[in-house]
Structures are given as structure tokens and as C-alpha cells.
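Since the structure comes first, as C-alpha cells, the remarks are kept for the end.
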Amino acid sequence: MLALLMVILPLLFAAAAPILRKRPLALYSLLPATGVSLCLVLVAGLLYPEQDLFCLYLGGTPILAVDAVNRFFLQLIAGLFLVISIYTFFWLPAAQEHNPPRTPGTRTMHRYLFVLFMLVFVSMMNLSILSAHFGLLWVAIEASTLASAPLILFHCSEASLEAMWKYLLLCSIGIGLALFGILLLAFAGKISACPPASLGFADLSAPGVIFHPVWFKIGFVFCLVGFGTKMGLAPFHSWMPDAYSEAPAPVLALLSGALLNCCLLAVMRTLNLAPEAVLPFCRTLLTILGMLSVLVAAFLIIRQKDFKRMLAYSSIEHMGLCALLLCYCQAALSTHVIAHAICKMMLFLLAGNILLAYDTHRINSVTGMFRTLPRTACLWLFGLFAICGTPPSPLFVTEYLLVTTLPPLLAILLLVLLFIVFAGMSYACLSMTMGTPAPDCHERQTAQAAAEQLTIVPGAAALGLLILGYITVLWMKQLL
Amino acid sequence: MLLSALSCFILFAAVIFLLFFGAVWSWLCRRQPERAKWLGALSAMLGCCAGTALALPAAAQWVPTQHFAFLGLHWQIDALAGFFMLPVLILGLAAAVHSLGYLKGHDEHRQGTYWFFFNLTLLAMLLVCAAATYIELLLSWELMGIMSFALVAFSFREQEVRQAAWVYLLACHAGAVFLILMFALSWTPGYTGTAIACGLLGFGLKAGFPILHVWLPEAHPAAPAPVSAIMSAAMLNLGIYGILRFLPPVSFGLLGWLLLAIGLSGALLGIILALAQVNLKRLLAYSSIENMGIAFLGLGLGFLGLSQQNAAMAICGLGGGLLHLWNHALLKGTLFLLSGAVFKSTGTLSIDQMGGLGKDMPISKSLFITNAAALSGLPPGNAFLSEIMIYLAAFQGVLSGNQVILAAAIIAAAGLALSGGLAAAAFCKACAAVFLGLPRSPRDPEPHPECRLMLGAEFFLSALALVGIIFTPWLWESVLPGVLQQSPLIGSTNWPLSAEYGSRTLAAVRNFSFAAIALIAALSYLRHRQLSRKTLDTGCTWDCGYALPTARMQYTGTAFTQPLSDYFYLTKGQNRSTIPVQGYFPQKAAVSITVSDPGGHLVWHPLSRLTARIAERLRRIQSGFLHLYILMILIALIAMLIYAVATSLPAATTPEPLPPAIGQMHQNSAPLQP
Amino acid sequence: MNELLNLILGALLVLNLLLVSASRLRHCIKLVAIQGVLLGLLPLACAHPADGHTWQFLLVMFLSLIIKGGLLPYLLLYTTRRINVRRELEPVVGYSLSLLIILALTGGAFWLGSVVPTAVAHGASPLVLPAALSTISTGLFLMVTRRKAITQVMGFLIFENGVSIFGTGMMIHNGLLVELGLLLDIFALVFIMGIAVFNINRSFRHIDTHSLNALGD
Amino acid sequence: MPQNPFFWWAGLLAALLLAPLLLGVINKTKACFVGRQGPSLLQPYYNLHKLFRRGCIRTTVSCGPLAWAPGIELSALLLAVLFLPYANQLSPFAFAGDAFFFAYLLGLGRFALIIGALDTGSSFEGMGASREVQFSALTEGALFAVIGFLAFASRSLNLSEMLSCPLPSNIPTVIAAVILAAGIAFIIMLVENCRVPFDDPETHLELTMIHEAMILDYSGPDLGFILYSAALKLWLMTALVVLMLLPGDLAPPGVLFILHLLGIFLGGVVIGAIEAVSARFRFLKLPQFLLGALCTALIALALTVIGTGGGLQ
């Protein structure tokens, strides 16, 4: 029952948004309110795990269920949304004041619409994680795409329109292919010796079920392409840099911190269904896509001109790493996902701050951040070192575990690519933070002051990362 | 004084807390530079003293190996760790005192951040030495990289400092990546060869191997002087410490030949490039590469001795190598601190613009000249002690009878001698161009007095170097064998490393060095007495009768070493652009020489250009056209489908039996037919 | 019953060819509406689910008929009228060439249907797989080669219809809630795409997606 | 070979006292070659006596090294004197590795001179110092190759045993190698002591000097120290060459003592003859010449290795 609550609650708050259209303060407070309530429901659910309060049954088969796999994804999204909502509460007024839309005549999206879509986006993501049925999973991910598309239009400029159109079209094609893949999987089950009762994960992964190998492979390919597009794996990643360069910071934090993980969860579910005969095929496919996305991200991140696109490529690279972790070392996957989500959320919120203060995406025109935005600059460098896997961050541990389990040649190639990524990102971040600030930077004094106040949330995230890093190192010590 | 295990743990915890909380506290009150300065400096000094109280007994083996479990991680301090911690601590102490003076007029307001990163770099270097397992090593190695990067990039306003700091950061990260690869590969069977190669590359990047040294001459001039003193004196040794402790087990012969080759090429490359440098700190940085090369040469000869079961060669080589690290640390530390003093008084590091500083800074001048002479291996100095040991190891190889080793040993000895001669040339150039003669560029007339704090630090290190000569024979007999036994590479030999062979030579050299100093004093007294009765008038320099010599007529540093660097083709060909003298009354003639580091020029710049080209070509897949994106997805989809069908074809051709359930399925749909 | 099923599938195959060669947008939308209707009737021809949820089956069928046959085409027509775009001018791939390509793709779909025998064995008609694959390839082909945003939305709609042909054809029933969810999602998607097309037209004064390439590296 | 330390001390005393006489012998032979009467044999003594009694003029530019450089040069040489086995008697101060100490003491003296020269800030002295640094750096390699050869031939590492060990006279290749090595040592001696083929001690044209250019600014006792140490250095290097050629077990110590003195003076005559006959090489040719010397020393070592049957096991 609680699972339904997790999905319905944001929708209720979303419904309240148009009513509070006139009073901005109450409108903004909707977001943190949802975040807090989601966390309360989660805590309540976790306190009594024994009665499966979370399962919702419809016609005998569980529709929404919390099992070992999606439990920590749920906690991650709830926690992430709480932090992001607090940030947005402070960020929205400042953004609308300091970041005027670039193309004259257009105005930024109306506040209540932004809050409405954000809440719908979160509820759809909760639905996609909680769903225990393949079809429902597809519906939830499709709905989350629909909810997040208008959010890219926050600035209504030409570029964001183009970004939204590309995001919408490419993702829906991908998810359409995923639907075809799901139907193929169901078909592979149907024509096999003992077919699964329904498309629910419990039935599909029941011990007796057998899948027809050839059809399963074709189905898996379609599912992988579909969810891979949404996840940002290599050949299908093209929408990500464009969408990420236009969307506002909290949406980006949600997109990369939470949505990518839902699609990763979907791919993980399809991989868990794979019968023994087909598993090596799926593994090689995932490895190829993983390495390809790290390669593409590595070479496209060098000499990147826009720091948001740089973070997008870093997300592509980390999704590639998740794909590799998925098939080589599942133990480290959960740590990697949490660490990546927190770190990427921190970086995107900081990018929001920088955009607030400098009102530009170009790396070259942002210099001397140590002088103008000291706290943001420190956190920005900390984020750089954390995302590239240097020891204080947990990503170092997962990267190390991945390298030990990978075959040696792949390990060497992976490390070279990760080094190129570090080189590209460090060049950009250092040229932004160090150096003498531009002469006309004092006009934007108020914007810079506003941006500096917003560093509380990323600071907390950085602290969380440090603690998580320490715990992960201790965990790694007993592991090896 | 037998320190119990508990007191060792307390000392270890004290060191960590002092340095860490000192750093955090000085960062917190960075608004008041004065308070931050004293907080940071005191915590650094106390931390170093506590560390010495911990490391010295361990190095001298008065205390057995200590194991600590601190913050859930395992640390251990044995003789080898203690031996390599001592330079870090001593240099840390000297650099802390020197920084107080150095930062007075220079970035005064940013003392808080300086001391924050200074203390944390010291802490990270100590933790690298104390790491027990590879996890602690990787953690503290990368932490050391980042903290020292922040120090190198301290004055990040200038563009070349940012560029140098970035290159340094990449070198540290690449080193850590190689180490990760080494530990990862050392467990997979069949890949121990590559594991050793990655280990050597990883540690070599930090220790300044010949090709991997590119970051060193960039980072040291960019860093503030006390920081570059610590980095070149203490941080380079950690590369060798890593090899001795963490390298997977390897055959002595192979390691010996590798280190010999690396050492010789490093020494010669380092010193030849040092000759042609115009920047004082770059010259010192290249000479660090040369001295690391000499240390590797010694270790290489030692390992060859171990492979030949030749006890004398082994102990002389290994002991000489480690001793040379120690001597180099003290001398190079003083030289870098002095270069900081020179930078503070003249504002520039370019040798060709200095000159005549000896009159303004007499003490620094004499300190610089004595330390430079000592570092180029001349007898009264302590570096001569380690070089004579390495020569003994080489000539043991000559006498050993194995012809291949004989050839290698004689070439090593000749190479070492050549690098010694060239080092003397490079340091003569440094001393003369900076301190002696007339000032080549205008300077403020009233010279401000030399800062006492900086002089104190420099004297402290020079005194330690002098005291080091006295204790070298004791160090050789009792400390070094114990230290070498700790390294898993050497410790595994079943046959004891007895050090009685070299001690007689060391004792003799020590006596003769002091005899030399006494003789010099006697002769100068004799001269003084002789001249006291005579007339002592002064005149201008005898320039073959020309009465008005100007500063421009002096030999500049570049001119001094021009014959040698031309001989090694550094300043010839495309590196030199000249405006020749034309006509009877030449208007303008000029020579501009740019010395490019062959390592970077031939290896690393082409590599980065290649990656940039690949990046340009790959950029086209992100063209912006929606249709191409969709096409890319479909092509990838079709490729994967073909791959799926191809792998499952063998399965599809075997006609599988019709599963029974299908038949049953058919029935239930039948009734629907009308 | 099989004859009706084969009839509908055959009609769908022919529709694909017409869709590709249609140059006037309004004509194209009408064809999509026909395809939606045919798709709505398809479940009738196939076998009913055995466990007697007939009323759910009929409700889903009726709703998909309404949405895919009526509501979405009307929405597209309304959009084309509002931004008064008439014809798909010089698409990336000419009409006759695209016709040949679709023919080839459908041929390929038939070949695939025959190569993979197991699909037929269990009761569905041999035409289902080829029809589904050819509709999907038509949808994707339209999206890749046509410039106008409206045509890309239609391409996407055809692609979805192809997928549901496969779903209903192979009698995969996954519960009322999921079927309704599918329909609702497709409707919402096309609705938002329509709004996006409005915005693109207002700010760019054209809806040629080929020239939308400002964002790129 | 009977050890009689008395003759070693006598050799030492002879070195300290008769060193300037060797300069006189060289100048006298040069004069005889060209038919001049030339300065008397004791002229260097008179010069030293005169210089020590004089005051000295110090340049204003100098800030210290000019004063203590001659002292260091002389003390380095006074120490180096202790390690040579005069009259093939083992020196009481010998220890393993004193060959390298001997070489580096010469290096110390040279370093002091160069710093002193650069301290005056004159272009000529800078030129002399720069050339001195270049050629001495390149001779280091050759010197150590010769030491390597001696170490291998005599199976020991201290200078006394190297030079006074009885040579296995029965193997012709070893004898050829020893003569070759002695030749290389003679060339190194000529370079180190700025004798004619490499540098002209008596020239008055500053542009062509190396060693002389460095001591232009010295006067009075400083110049006296430098002249005496130059003479001592010449004696030491000649003694090195003579002792290499003199087999240790030839005769009783007394005869050996007289032989080695005669040998040194004969060396002086040979140097004077070379100076009178040949002219100075071009400076650009010298590096190749020194590299040739290094290679010949290595060849000499190879000869002994092969001659003695692949190293003495």
C-alpha cells in the first residue's frame, strides 16, 4: 500500500500546484514538502519491513513491490529529491531574476508548471522503480520522459526547444524499441516449454520458467537498445549532451542522478532474467557498449567548450562504467550508483550556481572563480576530483574493483580512457577556477552573492561523499 | 631508550592529529593571516618533531617494527619506512621555518591556504611511508598528489604556473593509474611481467625516470621555494621507496639491468639538460633528475651484485644508492631554499639577469657555493661519500670476472664520472652567474638584509649535512643493512647483507675530508698572516689593460656552458636563432636560444597532438542533426541484431523437438473458432 | 477467423506503402487514422484470452480504436491546420525511392518471418511478424527521412502501431492496467509532441527539423 | 717486493721539494731545443720566493672566492700527494677507493679555481673557466677508464697497489695494454696541466689560454700558492705515469726510489720536448681527441681482459 502512496503523494502535491499559482512562496514550498513526505513514507516502510506494506496486488500478481534490488534505488531517489527540492526552493527565485532568457520576447516557463512537472517526474520515477511488472515499468519510464521533456523548456529559448525536441523524439524511439523488446521477451517465454504466467518479474524469474534462446536474444537486444538510449550508452547517447546543455540545474541533477539509475535498474532486471545459455552473449554486448561509451565520452570531453556538456559526457562515461560493473562486479554497482548520483547532483547544482553568477555556458568566459565564487570553486574542484575517482571519493574504490575483475587488456584500455577523461575535465575545471577574473565581473555582484548562498546543499553533498568514501574504503578492506 | 608499542602509537596519532588539525585550524582562520601563519607553522614543526621522534628509532632499529590500526586502516613503521620518513620530516621542518620568511612579502594574505596544503602534503607523504597494504598506499599516494598540486599551483595567477600545475596533476594521476594497474595485474596469473612494468612506470613517474621526468622541470620552478625543496628532496625518494617495498617479486638480474640503464640515462640526460637551463630552479630540478639517476645507478649495481652473489658489490651499490638519496635530500633542500632567497631579493629566477648578489647576500653566497660543490660530488661534501660507494660497487663489478657485468660496470663508472664533471660545470654556472661578478640587471641600490629565518633553515640543513659526514660510517654499519633487509625484494635473500666491506673506506674518507677542511683553514690563516704585514690595495679587474669593464662584458651563464651544450647538440640547430653581425658598423646582433626538453618534445607533445586529432575526428558524430542521431541508433540496433542472430545460428540449425506444451496451447485456442 | 486476421494484416501492409508515398500531410494523417482503426479491429480476429476477462479485453480494444483511430489523427489534423503547413517538400529521400526501400524492407520482413519457423507453430498467423516488422520499419523510415516535425510525429505513431500489431497478433496479454497505461502514454506523447511543434513553429517560423542543428560539438 | 716505508717518505719529501724543479727542467729543455740558454733550473724557486714576499692587489668586483680559491687548490693537492706509491712502496694512507678520492681531489682544486676565476667578473677569465670546465668534464671519463684498467690489471682498488703491483710480464698483450694505458695517462696529464698540445702555459694572448686565463687576477702569495700547486700537480701526474710503467718487483726500494725520480725528470724532458716541437690543437678538435682517449682506455681494458684469459677467476 505504501508503494502506491509513494507514487500518488507527488501527484497530489502536483495537483495542488496550479491552485497555489498566485502565491509563489507556498508554491515553492510544495517541492520540499513532497520530499519530506516521501522520506517519511520510506522510513515508515523500512521500519516495518516484515509486513510487505509495500506490495500492491492487482488481480493476484503484484504490481508495485519493493525487493532487494530496487530498495536502495528507491532510498537514493527519495534522498536525492529531498536535497534537490531544498536547493530548488532557494534557486528558482534567483534563477528567474538573474538568468533572463537569452532570446528576447520569450519568458521563462511559469513557476507552477515547473513545480507541477517536477513532481510528476518524481512520481513517475518512483513508479518505474517500484513497478514489478515489465509493461508497467515501460509505462512509467515513458511517462517520466514525458514529464521531464517540458522541464527542459524552462528557458523557452530556441536552443532549449531544439534540445527538447531531440530529447523527446530520440527517447521515445528508444523506449518504443524497448516496448518491442519486452513483447519479444514475453513471446520468447510464451513459445518455450513452460511459459511464465504473466510479465511480472516474480513470474518471469520463477524457477521453472524457460525462455526460447534465440527470441530471448533478439528481445534482449531491443530492450538493451531501448533502455540504453534512455541511459545514455554510447551509440545512442546523442540526445544527452544537447538536452543537458539546455535544462536547468535541479532538473539536470534529477535527470542524471535518478532517471539514469531507473533505466539502469530496467537493464539490470532484463539481465537478471537471462537464462544461462544467453548470459555470455548479454555480457559481451554490455561490455562492448560500456567500453564504447567510455571511449566516446573520453574523446569528446577533451577541449569541451560548454561545462554542462562536459558533465553530460561524464554521465555517459559513468553509465558506461555502470554497464561494465553490471556484468563484471555487481557487488560494487550499488556503491558506484550512489556515489555517482550524489557527485553528479553536486556538480550540476554547482553548474547551476556558476550559470547563475556568470550567465554563460562557455568554459573560456568563466575564469577566476576562486576570486568571485570561492566556496563554489572549492566544491567544484572537489567534485572534479571525486567524479574522476581519486581516493577520498568512493568512485575510486569501485573503479579499482572493476579494474581487478576486468580482463587485463580491457583494464589497461579502460584506465587509459579514464586518464584522458581526467585530463580533459581537469583542464576545463582548472581554467575555470584559477586565473584572474574577467574585468567586468563586479557588475554581477548580487548574482555572485546569491550563488554563494546556494552552496549549502552541494557542501552537504560533498560531506556525504567524504563519509561514503570512508565507509566504502572500510568495506573494501574486508572484501579483499 | 626502548619506546613501548603504546608510546609509538601515541606518537603516530600525535603526528597525524597535529598535522591534520593544524591544517584545518589554519584554514579556518585564514581571514587573519598572522594567526593562520603561526598556527600552521607551529603545527608543522611540532608534527615534524614528533615524527622524527617516531621515525628515528625505527630507522636506527632501536625499536622493532611497529604496526598500528588507525581509523580502520593498517599502518606500519619499520626501518625502511623510518629511513624514508626522515628526509620528509627534516625537510618539512626546514621548509616550515623557511616559509615563514619566504611568504613575508609574497602572497601574504593567503597564508591560511598555504599552511593548510603544506601540512596535509607532509601528512600524506608520511602516510605513504607508513602504508602497510596497497590500499593505504593508493589512498595516501593520490592524496599526496592532490595536496602537492595545490601547493605547486599556489601562485596561480600566472599562466605558466597553471600550466605547470596541470601537467604535474596529470603526472600524479597517471602514476596512481599505473599503480592501480600494477596491484590489479599482480594477482592475475601470467601478467606479472606487465605488473612489474606498470609498477616501475608508476613509481618512476614520481621518481623522475628519464622519459617520465617531463613534469619535474615544469613543477619545481612554479612551486614556492620551500615546497619545491620538499618535493625534490623528499617526494622523489618516495618513488624509490615504493619500488623497494611494493614492487611484486622480480629476478635480481632483470631489475638490476633495468635500474642500471634507467639510472645511467637519467643521470646523463638530467645533467646535460641542466647545463643549458636559464631558470635557476629548472637547473636545480634537472640536477634532481641527475641525482635520482645516480641513486638508481647505485641500486641497479646493488641488484646486479645480488644476482651474482657478490656481497661487496651488493652492499656498496644498494647502500650507496640509499645514502645518496639521503645526501641529495639535504643538499638539494638547501639549494632550493637558497634559490627562494635569491628569488625574493631579485624578483626573477632567470640566471642571465642576476649577478653580483654575493655582496648583498654574503652568507647565502657562501652557503650556495659550498652546497653546490658538495652536491657535484667534491670531497669535503657528504655526496662524495655515497658516490665513492657507488664507484666501489661499479669497480667490484669490474673485478667480478663476469665479462658482461664488467663492460656495464666500466661504462657506468665512466658515465658517473662524466655526469660528476658536468654537474660541477652546471653548478659553477649557477654559483657564478647568480652570486659572483657584477649585477647584470639594475637592482634597488640599498639591499635589504637577509632574512634570519630563511638563513636559519638553510644553516640547519647544511649543518645536518656536515654532521652526516661524521655519522656516515656508523650509519653504514648499523643502519643500512637493517633498512635493506626490510624491503621484501632484498629481504627475501637467504644470505645476510654484512656491511663491514665499505666502512673502512668511509672512515678514511671522513678523516681526510676533515683533514682537508683543517688544511684549508691553516692555509687561509697562513695567507692572512702573510698579507697582514703587506700593503693590500684594490684595483679594477685585469681585463688585459682595459680600464672600464662593464657588467655586460662578463660571461653570462649561457655563454659559460655554451661549448658543452653545443657539444651535446642542445643549443645547436633549430634551437638557436641568431641575428648575425653585418656590415662594418653592426647595428644589432642577437642570439636567442630556446632549450626544449627532448623527453617532452619527442614523446609527450606528439602523443597529445594525436589524441587531439582523434578527438576532432570523433567530434563529428555529435553533428547536431537529429536524423543522423536516429540513423546511428538504427545502425547500432541492426548490427547488434546481426551479431545476436550470428551467435545463435548454430543453435537455430539444429531442429529442436517440438515442446509438448505447444500442442496443448493449440487446443485451448481451438474452441474459439466459430 | 484466420481469413479476417490475414485480411487486416494484408491491409496494414498495403497501408505502409501508401503512407510512404503520400506527400500531402492531411492525406497521410487520414491513412494513419485508417491504420489505427484496423489495429483496433485486430484483437477481434485473434483468439480471445482463455481466462475469461473478456470485458477487459473488449474495453481495451474499444479504447485503442477510439484513441488511435479517432483522437490522435484529429489532433494531428488540428495541428496541421493551425500551422497551415501543406506539403512535405523535398524530403531527404525522394518518394519513389522511399517506396522502393519500404518494399525491400517488407520483403526482408517476410524473409525473416519464414526463417524463424517457431513463430508460426503456436497458432498465430504467419503474417503477424512480417506485418509488425514492416510497419515498424516504415515508422522509423519516415522519422529518419522526413524533414517536417509533424511527419516525424506520424512516423513515431506508425512505429507504435507496428509494435502493438506484434503485441496483439502474438496474443500477449499483460493486464488491463498496463494496456491502459500504454494507450495513455502514447496519447500523452503525441499530445506533447503536438505542443512542441506549436512552439517550434512559433519561435522558428518553420518546422523543418533538419535545420534544427544549433546544438552540436 | 720488500716494503721499506722510509723510501716512500723520501719520495713524498722529494715531491714537495722538487716539484718546482720539474718546471725548471721543462723550461730548460725547451730552451735547449731552440738553442737559447733559457732560465736557470731554479728560476721557479726564485719566482715563488719573490711572490711570497710581495703584497697583493685585489679587484673590487670580487666578493670572497678569489681569496680562498688558491688555498683550497693547494690543500687539495697536498692531500692528493699522500696517495701515490712513491718508489713503488705502498703508501701508509692507502684505502680501498682512494683512486676516486685522488681524482675528485683534483676536481675540487679545479672547482675552486673556476669559482675564483668567475668571481673577478672578467670576460677573459670567464672564457678560460668555461674552456677548463668543458675539457675537464670530458677528461673525467677517460681518467676513470684508466683507473678501471689499473683496477682490473692489479685486482685491487687502492691506488698504491694498482701502481706498484708486479706486472705479469710474460703476457705480451698485457704489456701492450699497460703501455697504451700509460700513454692515455700521459695525455690526461698534458690536458690537466695545460701543457702545449692542449693549452699553452707561456702564451701572452689571453684569448688562447685556458688555465693561465683563470689566474690572471692573482698576485702575491695567491699567485705563489697557485704556481706551487700547479707544479705539484704536474709532479703528481708525471709520477702517476712513471709508476704505471715501473714494474713493482724490478729492484730493491733504494734503486726504485732513484729510478722513479729519474723517470719523473725524464718525463719533464719529454714534456719540454713536445712543447718545443708541436703547436697547440684547435679548441674544437679537443672534445673528439678526449673521446678518442676514453675509447683507447676502454680498448686497453678489453685487451687486458682478453689477454688474461677472460678475467682472473
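Proteins get letters first, then strands, A, B, ... in listed order; numbering begins at 1 in each. No experiment lies behind these values; they were computed from the predicted model shown.
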message: Test: salt bridge (Lys or Arg N to Asp or Glu O under 4.0 Å). Region: residues 165-179 of chain A. Which pairs qualify, not counting sequence neighbours?
response: A/E162-A/K166, A/K166-A/D242
- line: Minimal heavy-atom distance between C/F159 and A/G176, with the atoms involved, is CE2-CA, 3.3 Å
- request: Return each pair, listed once, that meets salt bridge (Lys or Arg N to Asp or Glu O under 4.0 Å) where at least one residue sits in residues 173-186 of chain C; pairs must be two or more places apart or across chains.
  value: none
query: Of all heavy-atom pairs between C/L133 and A/F180, which one has the smallest distance, and what is that distance?
result: CD2-CZ, 4.0 Å
- request: Nearest 0.5 Å please: distance from the CG atom of A/L168 over to the CD atom of C/Q152.
  value: 11.0 Å
statement: Value for CD1 (C/I165) from CG (A/L183), rounded to nearest 0.5 Å, stands at 12.0 Å
query: What part of C/L140 is in contact with chain A, defined as an atom under 4.5 angstrom from a non-hydrogen atom: side chain, backbone, both or neither?
result: side chain
- prompt: Which atoms of C/M193 come close to chain A, meaning under 4.5 Å heavy atom to heavy atom: side chain ones, backbone ones, both, or neither?
  reply: both
message: If I take atom CE from residue C/M143 and atom CG from residue A/L169, how far apart are they, to the nearest 0.5 angstrom?
response: 6.0 Å
- prompt: What distance separates A/M164 CE from C/I200 CD1, expressed to the nearest 0.5 Å?
  reply: 7.0 Å
message: If I compare all heavy atoms of C/L182 with all of A/L179, which pair ends up nearest, and what's the gap?
response: CD2-CD1, 3.8 Å
query: Which bit of A/L177 comes within less than 4.5 Å of chain C, counting heavy atoms only: side chain, backbone, both or neither?
result: both
- prompt: Quick one: CD1 on C/I186 to OG on A/S172, what's the gap to the nearest 0.5 Å?
  reply: 11.0 Å
field: Region of A/Y313 that comes under 4.5 Å of a non-hydrogen atom in chain C
entry: side chain
message: So for C/I136, is it side chain, backbone, both, or neither that comes closer than 4.5 Å to the heavy atoms of chain A?
response: side chain
query: Nearest heavy-atom pair of A/L146 and C/A188: which atoms, and what distance?
result: CD1-CB, 3.5 Å
query: So which heavy atom on C/S203 is nearest to which on A/L161, and how close?
result: OG-CD1, 3.0 Å
field: Where C/F166 and A/L184 come nearest, the two heavy atoms and their spacing
entry: CZ-CD2, 3.6 Å
field: Leading residue by heavy atom contact count with chain A [cutoff under 4.5 Å; candidates C/L189, C/I192, C/V153]
entry: C/L189
